[in-house]
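What follows is a set of notes on a single structure, which appears directly below.
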Amino acid sequence: MEYTRGAAIQRLLKSFEAYYDVHKCEPEEAPLTARCEYFEHSEKYVISKKAELWSADSEEFLYLLDIPHLTKELYEKWRNMIYEDGMSRVNRGPGHMYSFITPVFVCDTCEEDARKALKKCRIYKSFHFSLHGWMDYHVAVVDLSKGRVDANRSGHSTAKILKNILFPKK
């Protein structure tokens, strides 16, 4: 199936609305089109909620970027900006289990240098020796000209979801 960038982003947003809180970005924030947030709180208690055994908070911040041609320089610029924004949103502390920061670049074409840099990206951070959780950076690119989705090693599951949404097998 052939998509325009806009159509692909709309299809992704429609699919993500069921799981994420979707915040569409203003036109002046281009190429960032949306920030999707997911929060989960789990806990276990005995008899009463006052007798809590454990609790864990998980969160994900997914950013959709609409870029006609992805270059290595553009990738690195947005990788750093999204990392900083995502880290400012992470609620680290007691009870925090993990956070994922996930930029998804939707582009018509992607330079091979950018694809290689994206695949080699490895950003991981533990908070207070993992006692206050950890953060992992997943990153993916959707190359519409080739009908291809690539991701870094941490983003393998993200790439699989994107492929199922945009390029389902019949």
Side-chain angles (χ1 to χ4, degrees), residues 1-42 56-93 96-111 114-115 117-119 121 123-125 133-152 154-168:
M1 179 177 256
E2 294 287 322
Y3 289 104
T4 62
R5 286 188 324 276
I9 287 172
Q10 289 308 311
R11 183 168 176 125
L12 290 171
L13 287 174
K14 186 177 179 190
S15 177
F16 291 160
E17 284 176 348
Y19 305 100
Y20 293 90
D21 293 331
V22 176
H23 305 279
K24 293 190 178 176
C25 297
E26 299 299 321
E28 60 269 7
E29 295 178 86
L32 187 62
T33 57
R35 186 184 72 249
C36 307
E37 299 175 348
Y38 171 81
F39 298 97
E40 179 182 339
H41 177 78
S42 303
D57 297 320
S58 307
E59 53 194 9
E60 180 174 2
F61 304 101
L62 187 140
Y63 299 81
L64 279 175
L65 293 113
D66 179 354
I67 297 179
H69 179 72
L70 185 64
T71 63
K72 185 176 179 182
E73 293 77 26
L74 266 176
Y75 162 71
E76 289 172 347
K77 172 189 168 188
W78 283 100
R79 177 196 63 201
N80 296 337
M81 287 175 64
I82 288 171
Y83 172 76
E84 289 173 18
D85 184 68
M87 286 300 289
S88 70
R89 295 176 189 282
V90 171
N91 298 308
R92 49 188 166 257
H96 175 252
M97 188 164 68
Y98 67 84
S99 295
F100 296 142
I101 300 173
T102 310
V104 176
F105 296 90
V106 179
C107 59
D108 290 328
T109 56
C110 177
E111 287 183 359
R115 188 183 320 276
L118 182 138
K119 286 181 146 186
C121 179
I123 302 174
Y124 173 88
K125 185 157 181 67
W134 48 271
M135 181 283 304
D136 202 5
Y137 194 83
H138 301 180
V139 60
V141 62
V142 178
D143 186 343
L144 296 172
S145 66
K146 296 180 181 176
R148 180 176 170 179
V149 178
D150 289 303
N152 65 347
S154 298
H156 179 71
S157 59
T158 302
K160 191 173 180 180
I161 292 166
L162 293 171
K163 284 177 191 174
N164 288 338
I165 293 170
L166 293 173
F167 310 111

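All of these numbers come straight from a predicted model, not from anything done at the bench.
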Would you sort out whether Leu65 and Ile82 count as a side chain to side chain contact (heavy atoms under 4.5 Å, CB included), showing the intermediate values?
-> CA-CA 10 Å; Leu65 293 113; Ile82 288 171; 3.4 Å; yes
Can you tell if the side chain of [X] reaches within under 4.5 Å of the side chain of [Y], non-hydrogen atoms only?
{"X": "Leu13", "Y": "Cys36", "value": "yes"}
{"X": "Leu62", "Y": "Tyr38", "value": "no"}
{"X": "Val141", "Y": "Tyr75", "value": "no"}
{"X": "Arg79", "Y": "Ile123", "value": "yes"}
{"X": "Met81", "Y": "Tyr63", "value": "no"}

What are the two closest heavy atoms between [X] and [Y], and how far apart are they?
{"X": "Leu166", "Y": "Ala8", "answer": "CD2-O, 3.8 Å"}
{"X": "Asn164", "Y": "Pro168", "answer": "O-CB, 3.6 Å"}
{"X": "Trp78", "Y": "Ala30", "answer": "CZ2-O, 4.2 Å"}
{"X": "Gly155", "Y": "His138", "answer": "CA-CB, 3.7 Å"}

Hey, what do you get for [atom1] ([X]) to [atom2] ([Y]), rounding to the nearest 0.5 Å?
{"X": "Leu144", "Y": "Glu2", "atom1": "CG", "atom2": "CD", "value": "8.5 Å"}
{"X": "Arg92", "Y": "Met135", "atom1": "CZ", "atom2": "CE", "value": "9.0 Å"}
{"X": "Tyr137", "Y": "Phe61", "atom1": "OH", "atom2": "CZ", "value": "13.5 Å"}
{"X": "Lys77", "Y": "Glu73", "atom1": "NZ", "atom2": "CD", "value": "11.5 Å"}
{"X": "Asp57", "Y": "Met97", "atom1": "CG", "atom2": "CE", "value": "9.0 Å"}
{"X": "Leu118", "Y": "Glu76", "atom1": "CG", "atom2": "CD", "value": "11.0 Å"}

With sequence neighbours excluded, give me every ring pair (Phe, Tyr, Trp, His ring centres under 6.0 Å) pair touching residues 8-30.
-> Phe16-Tyr20
Applying side-chain hydrogen bond (donor to acceptor under 3.5 Å, both in side chains), run through Thr33 and Asp66 and close with a yes or a no.
-> CA-CA 7 Å; Thr33 57; Asp66 179 354; over 6 Å; no
Quick check: are there more than 12 heavy atoms from other residues, nucleotides or ligands sitting under 6.0 Å from NE2 of His41?
-> yes
Please report, to 0.1 Å, the donor-acceptor pairs under 3.5 Å made by any side chain of residues 98-110, with sequence neighbours excluded.
residue: Ser99; atom: OG; partner: Glu59; partner atom: OE2; Å: 2.8
residue: Ser99; atom: OG; partner: His96; partner atom: NE2; Å: 2.7
residue: Thr102; atom: OG1; partner: Glu60; partner atom: OE2; Å: 3.0
residue: Asp108; atom: OD2; partner: Arg5; partner atom: NH1; Å: 2.4
residue: Thr109; atom: OG1; partner: His69; partner atom: ND1; Å: 2.6

Inter- and intrachain pairs under salt bridge (Lys or Arg N to Asp or Glu O under 4.0 Å), touching residues 139-151, at least two apart | Arg115-Asp143, Arg115-Asp150, Lys119-Asp150, Arg148-Asp150
Does Asp85 offer a backbone N or O that forms a donor-acceptor pair with the side chain of Ser88 under 3.5 Å?
-> yes
